[in-house]
Amino acid sequence: MGITKKSFGKTASLYEITNAKGTKIAVTDFGATLVNVFVADRNGKVKDVVLGYDSAEEYAAHDLYFGATIGRNGNRIDDASFNINGTVYKLAKNDGENNLHSGPDGFEQRMWNAVCAESENAVRFELTSPDGDEGYPGNMNVSVTYTLTEDNGLEISYDAVSDKDTVANMTNHSYFNLAGHESGEAVAHRLWLNADGFTPVRQIGLIPTGEITPVKGTPLDFTTMQTVGDRIESDYPQMVFAGGYDHNFALNVKGGTMEKIATLTAPDDSLSMDVFTDCVGVQFYSGNFIKPHAGKNGASYVRRGGLCLETQYFPNSINQPKFASPLLKAGDRYCTKTVYKFY
Ligand code: GAL
């Protein structure tokens with residue numbers, strides 16, 4: 001049990017948290033990023049189940065957001081702009097005409113200040129995001145806390161306060177492969193999602209149309225456990241637009257209280273992960289944009305080699321009055337939590 005600290009490239013550090021079961025997670029202050037999750041499967045074999053790199057410099061050099069904390073806003077914002085209280089705020093157009101994951105210098109590129117709570121098996125990362133940061137209004141104090149519980153829960157809690165009305169919609173962008181990060185394509189995993197609907201997108205730019213479409217009868221129906229790869233090449237237009245799974249699911253929840261929203265199971269059934277969150281949406285992204293390249297420990301990563309379950313408000317919700325709003329009022333507290341539990 002406990003926390004150890006090592007260096008992780010030239011200036012960053014890696015914090016390893018181990019619980020009494022021997023499960024170990026590692027997080028770095030570069031990007032407040034989740035780097036490793038070492039967990040034993042049913043046969044006692046220990047696997048590292050998230051994709052990543054061996055140093056902060058490698059994280060800085062890639063744009064796949066492995067394990068990253070995304071902020072202030074996860075996912076896409078139409079035309080890279082929004083209006084709060086009559087003022088139009090412009091963001092970087094880093095995804096065609098739109099903004100993706102806040103821009104090229106998002107929270108995943110920052111050095112965060114780490115505070116350890118050894119007794120709680122937790123590391124808290126703190127960041128001061130100044131007024132105008134990446135185009136967003138308000139000085140914002142942000143923290144992200146990673147906790148490893150004794151029952152193999154990896155809890156990620158987010159907290160933020162701003163001195164102006166702003167957007168707060170943070171997420172974690174881990175790519176999970178429960179067969180081990182080095183084991184190649186992840187499409188033989190099985191997935192259950194607690195979502196009867198999803199937010200269909202426009203072909204160009206993948207911005208939600210504003211509707212919520214029932215998943216029933218579509219390849220996006222994961223209301224019963226389904227193998228990810230079975231329908232991934234479907235000619236259903238929404239699947240073609242995204243090149244696989246890359247959709248926001250409207251969860252069967254009210255939001256604000258912790259609910260189980262997903263279960264992911266390794267192809268050989270030896271390890272599963274439940275996802276709990278108080279968020280209203282989850283982006284299920286099947287790693288369609290991963291190009292073959294080297295990852296942690298000499299691993300060869302491939303297209304669809306990891307699966308992301310990014311809990312969040314719906315994409316472009318700051319511009320879409322039909323969706324729950326990610327607006328954070330000045331002085332209010334943004335507080336949200338997601339737990340990935342392994343068994
Ligand atoms: C996901 C997004 C994908 C892709 C990816 C980063 O969250 O939904 O479309 O941009 O991030 O490569």
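Counting starts at 1 for both ligands and their atoms, in listed order.
- Distance from atom 7 (O) of ligand 1 to its nearest protein heavy atom, with residue and atom name: Glu310 OE1, 2.7 Å.
- Checked by distance only, ligand 1 and Asp63 stay at 3.5 Å or farther apart across all their nitrogen or oxygen atoms.
- Met273 has its side chain within reach of Leu178: a pair of non-hydrogen atoms, C-beta onward, lies under 4.5 Å apart.
- Considering only non-hydrogen protein atoms, atom 4 (C) of ligand 1 sits nearest to Phe289 CD1, 3.7 Å.
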Candidate pair Tyr53 and His62, rule ring-ring contact (aromatic ring centres under 6.0 Å, His included), full reasoning: CA-CA 10 Å; Tyr53 303 110; His62 289 91; 4.2 Å; yes

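- The distance from atom CG of Asn98 to atom CZ of Arg202, rounded to the nearest 0.5 Å, is 6.5 Å.
- The protein heavy-atom contact nearest to atom 8 (O) of ligand 1 is Asp246 OD1, 2.5 Å.
- Nearest protein heavy-atom contact of atom 10 (O) of ligand 1 is Leu100 CD2, 3.3 Å.
- The shortest contact between atom 11 (O) of ligand 1 and any protein heavy atom is with His173 NE2, 2.8 Å.
- Per-residue contacts place Gln283 under 4.0 angstrom from the following atoms of ligand 1 (heavy atoms of the residue considered): 8 (O).
- For ligand 1, the polar-atom distance check against Tyr65 finds no nitrogen or oxygen pair separated by under 3.5 Å.
- Contact annotation for Asn75 and ligand 1: no heavy atom of the residue comes within less than 4.0 Å of the ligand.
- Side-chain contact between Phe249 and Phe314 is absent, with no heavy-atom pair separated by less than 4.5 Å.
- Each of Thr336, Asn73, Asn75, Thr338 was compared with Gln312 under the side chain to side chain donor-acceptor pair (under 3.5 Å) criterion, and only Asn75 meets it.
- Proximity to Arg76 (heavy-atom distance under 4.0 Å) selects the following atoms of ligand 1: 2 (C), 3 (C), 8 (O), 9 (O), 10 (O).
- In summary, the aromatic rings of Tyr175 and Tyr65 are positioned with their centroids too far apart to meet the 6.0 Å limit.
- A salt bridge does not link Arg72 to Glu134: none of the charged side-chain nitrogens sits closer than 4.0 Å to a carboxylate oxygen.
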